[in-house]
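Step one of this worksheet: look at the structure below.
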Amino acid sequence: MDISVVLGCSLGAVLGGVILASYKLGLLYQLFHKTERQSPRHGGESVADVLRAHGVKFVFTLVGGHISPILVACEKLGIRIVDTRHEATAVFAADAVARLSGPVFIEFPIDTLYPYHVVEKEFAPKNTPKGLMGKIIAWYLQNHLSNLFAGAWETCDLSPLPVHIPHATEDEVQRCVELVSRAKKPVILLGSQATLPPTPADDALESLGIPCFLGGMSRGMLGKNSPLHIRQNRRDALKEADLVLLAGTVCDFRLSYGRVLNRQSKIIAVNRDRSQLLKNSDMFWKPTVAIQGDAGSFLLRLSKALKGHRCPEEWPRSLKEGDAIKEKTERHLNPLSVLHRVDELLAEDSIIVADGGDFVGSAAYIMRPRGPIRWLDPGAFGTLGVGGGFALGAKLCRPESEVWIVYGDGSLGYSVAEFDTFTRHKTPVIALVGNDACWSQISREQVPMLGSNVACGLAFTDYHIVADGYGGKGYLIGREDESQLDDIIKKAQKECREGKAILLNALIGKTSFREGSISV
């Protein structure tokens with residue numbers, strides 16, 4: 001081979017290696033993007049600019065030096081900083097705001113938050129480097145710092161990226177129209193997805209006239225007293241139904257992985273996420289039609305195509321009668337009575353936050369949210385401790401609304417300190433604590449199965465006094481106060497409107513209402 005060819009190849013390889021190394025080390029980027037070493041600006045300003053561009057109004061935090069630049073920059077731009085007593089509360093508050101107004105999530109390296117000269121001091125070696133290796137390391141760190149800040153203050157587009165929302169095809173909608181029109185006993189199971197923009201499903205449900213079981217944030221979508229909203233005996237209804245429409249509902253443990261569905265029923269499943277759409281299918285259940293698409297817009301298109309059609313009226317009427325029978329027999333038991341009284345007196349604009357086990361499980365059957373996204377719970381995993389954060393976020397998003405937290409006495413321990421936050425940030429809410437001195441959801445299963453109540457017992461603690469200490473107002477409600485319960489609730493609502501965070505410490509007894517509920 002000609003030596004000139006060999007040399008050319010070698011030089012080309014060397015040149016390619018140099019260019020690749022320069023690219024990997026950021027040297028090429030630095031040629032076109034200036035590092036402003038004297039600038040006093042910091043990364044917190046960039047974060048604040050992005051948050052404002054995305055319409056963020058609140059930043060929830062437990063203060064720390066590593067995030068101080070973000071907090072100060074946000075404050076300067078008019079973004080409200082809400083500091084909590086526990087970092088978990090900050091996360092839950094952001095979750096609630098995301099549900100009520102739209103989510104924004106950010107992630108960034110900490111070492112870009114402070115100005116160049118501050119970060120440089122941390123990067124610089126304490127002593128002058130000695131030897132070749134020391135000088136190479138010092139150069140590498142300096143180059144890394146230059147890469148972090150290169151072009152940092154150049155103008156860039158901060159507008160939100162477009163969101164792709166899948167939709168059902170015309171053929172899929174038409175096939176479902178045919179199935180629904182032939183059904184005599186259809187049922188809709190609605191999940192939180194049905195509340196998502198751009199098309200919440202509430203208008204479509206009344207038009208379809210199909211009885212509905214509402215779950216998650218869709219609770220309240222049919223209002224307080226809709227004849228289509230069925231709350232009890234879901235398992236029996238699913239066995240009898242000849243068509244089931246899963247609108248954003250997932251066949252996980254809450255539906256016994258699909259085993260509660262009648263194998264003779266036609267099943268229509270609609271979900272934005274394909275993995276959730278087909279979860280446990282072909283094992284315990286099988287969809288007749290599976291649509292990866294937005295549940296709300298699908299229901300609206302379905303209702304328009306079925307305009308004038310309604311399922312036989314005796315079907316939703318019979319299911320509603322079952323509701324009345326079950327609730328009537330349980331209504332006068334103490335904790336259920338408390339929940340019924342609160343439900344009757346709820347303001348029409350109220351938001352209910354659910355944080356607990358047994359008491360909250362009863363509340364889910366008894367309390368009637370007045371509209372969609374007016375019931376906030378932790379979702380499928382039942383995470384305890386969401387109460388303080390969810391209520392804080394909800395009150396900030398909807399300051400005119402009456403925000404209630406329904407607590408179990410166990411879950412209250414996670415966020416009772418946020419009564420201090422409610423007071424400092426003038427976000428008054430009302431907390432109803434079902435205090436039975438027990439982790440009852442666990443005890444209900446543990447005692448009959450294993451014969452011991454170990455680790456389940458609590459005490460009838462004076463939580464109302466704790467609320468007083470944090471600047472709120474607490475009330476103790478015992479059996480002797482049952483006849484005055486309405487007056488106490490109304491007084492709590494009045495004081496909350498006047499700016500006080502309220503805690504109702506209700507000493508409750510045991511009921512058999514939730515026998516058979518699972519805790520694992």
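Heavy-atom basis, side chains included; hydrogens, waters and symmetry copies ignored. Being a predicted model, the structure only gives us computed values, none of them experimental.
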Hey, is the main chain of [Y] close enough, under 3.5 Å, to the side chain of [X] for a donor-acceptor pair?
{"X": "Asn435", "Y": "Ala437", "answer": "yes"}
{"X": "Thr423", "Y": "Phe419", "answer": "yes"}
{"X": "Thr35", "Y": "Ser146", "answer": "yes"}
{"X": "Ser192", "Y": "Met217", "answer": "yes"}
{"X": "Asp462", "Y": "Ile465", "answer": "no"}
{"X": "Ser401", "Y": "Asp349", "answer": "yes"}
{"X": "Ser411", "Y": "Gly408", "answer": "yes"}
{"X": "Ser101", "Y": "Val97", "answer": "yes"}
{"X": "Gln446", "Y": "Val454", "answer": "yes"}
{"X": "Lys279", "Y": "Tyr257", "answer": "no"}

List the atom of [X], the atom of [Y], and the distance in Å for their closest heavy-atom pair.
{"X": "Glu418", "Y": "Thr89", "answer": "OE2-OG1, 2.9 Å"}
{"X": "Leu346", "Y": "Met367", "answer": "CD1-CE, 4.0 Å"}
{"X": "Thr421", "Y": "Thr84", "answer": "OG1-CA, 3.8 Å"}
{"X": "Val119", "Y": "Tyr114", "answer": "CG2-O, 3.6 Å"}
{"X": "Asp355", "Y": "Ser415", "answer": "OD2-OG, 4.4 Å"}
{"X": "Leu205", "Y": "Cys212", "answer": "CD2-SG, 4.1 Å"}

Are [X] and [Y] close enough that some pair of their side-chain heavy atoms sits under 4.5 Å apart?
{"X": "Arg234", "Y": "Ile230", "value": "no"}
{"X": "Trp375", "Y": "Val406", "value": "no"}
{"X": "Phe92", "Y": "Thr383", "value": "yes"}
{"X": "Val403", "Y": "Arg398", "value": "no"}
{"X": "Thr461", "Y": "Asp409", "value": "no"}
{"X": "Leu25", "Y": "Trp139", "value": "yes"}
{"X": "Trp404", "Y": "Gln493", "value": "yes"}
{"X": "Phe390", "Y": "Arg99", "value": "yes"}

Between [atom1] of [X] and [atom2] of [Y], what distance do you get to the nearest 0.5 Å?
{"X": "His167", "Y": "Thr199", "atom1": "NE2", "atom2": "OG1", "value": "6.5 Å"}
{"X": "Cys397", "Y": "Ile351", "atom1": "SG", "atom2": "CD1", "value": "8.0 Å"}
{"X": "Ile79", "Y": "Ile70", "atom1": "CD1", "atom2": "CD1", "value": "10.5 Å"}
{"X": "Ile67", "Y": "Ile81", "atom1": "CD1", "atom2": "CD1", "value": "8.5 Å"}
{"X": "Glu122", "Y": "Leu141", "atom1": "CD", "atom2": "CG", "value": "12.5 Å"}
{"X": "Leu27", "Y": "Asn143", "atom1": "CG", "atom2": "CG", "value": "5.0 Å"}

Salt-bridge test for [X] and [Y]: reply yes if a basic N is under 4.0 Å from a carboxylate O, no otherwise.
{"X": "Arg370", "Y": "Asp343", "value": "yes"}
{"X": "Asp486", "Y": "Lys490", "value": "no"}
{"X": "Lys491", "Y": "Asp487", "value": "no"}

Under the criterion side-chain contact (heavy atoms from CB on, under 4.5 Å), I'd like the reasoning laid out for Asn505 against Leu507: C-alpha separation, chi angles, the key distance, then a yes or no.
CA-CA 6 Å; Asn505 186 14; Leu507 307 182; 4.2 Å; yes
Are a donor atom and an acceptor atom from the side chains of [X] and [Y] found within less than 3.5 Å of each other?
{"X": "Asp273", "Y": "Gln193", "value": "no"}
{"X": "Asn147", "Y": "Gln30", "value": "yes"}
{"X": "Tyr365", "Y": "Arg231", "value": "no"}
{"X": "Ser46", "Y": "Arg41", "value": "no"}

Could you walk me through whether Leu396 and His425 satisfy the side-chain contact (heavy atoms from CB on, under 4.5 Å) test, starting with their C-alpha distance in whole Å, then the side-chain angles of each, then the deciding distance to 0.1 Å, before giving a yes or no?
CA-CA 9 Å; Leu396 287 167; His425 287 280; 5.8 Å; no
Among Tyr463, Tyr407, Phe422, Tyr470, the one residue meeting side chain to side chain contact (heavy atoms under 4.5 Å, CB included) with Leu503:
Tyr463
Should Asp83 and Arg424 be marked as a side-chain contact (heavy atoms from CB on, under 4.5 Å) after you check the CA-CA gap, both sets of side-chain angles, and the distance that decides it?
CA-CA 9 Å; Asp83 57 308; Arg424 287 185 297 107; 3.0 Å; yes
Within a radius of less than 6.0 Å around [atom1] of [X], do more than 12 heavy atoms belonging to other residues, nucleotides or ligands occur?
{"X": "Lys224", "atom1": "NZ", "result": "yes"}
{"X": "Gln38", "atom1": "CD", "result": "no"}
{"X": "Glu75", "atom1": "CD", "result": "no"}
{"X": "Tyr29", "atom1": "OH", "result": "yes"}

Before giving the answer on side-chain contact (heavy atoms from CB on, under 4.5 Å), spell out for Gln142 and Glu120 the whole-Å C-alpha distance, their side-chain angles and the decisive distance to 0.1 Å.
CA-CA 8 Å; Gln142 183 63 44; Glu120 185 179 35; 3.8 Å; yes
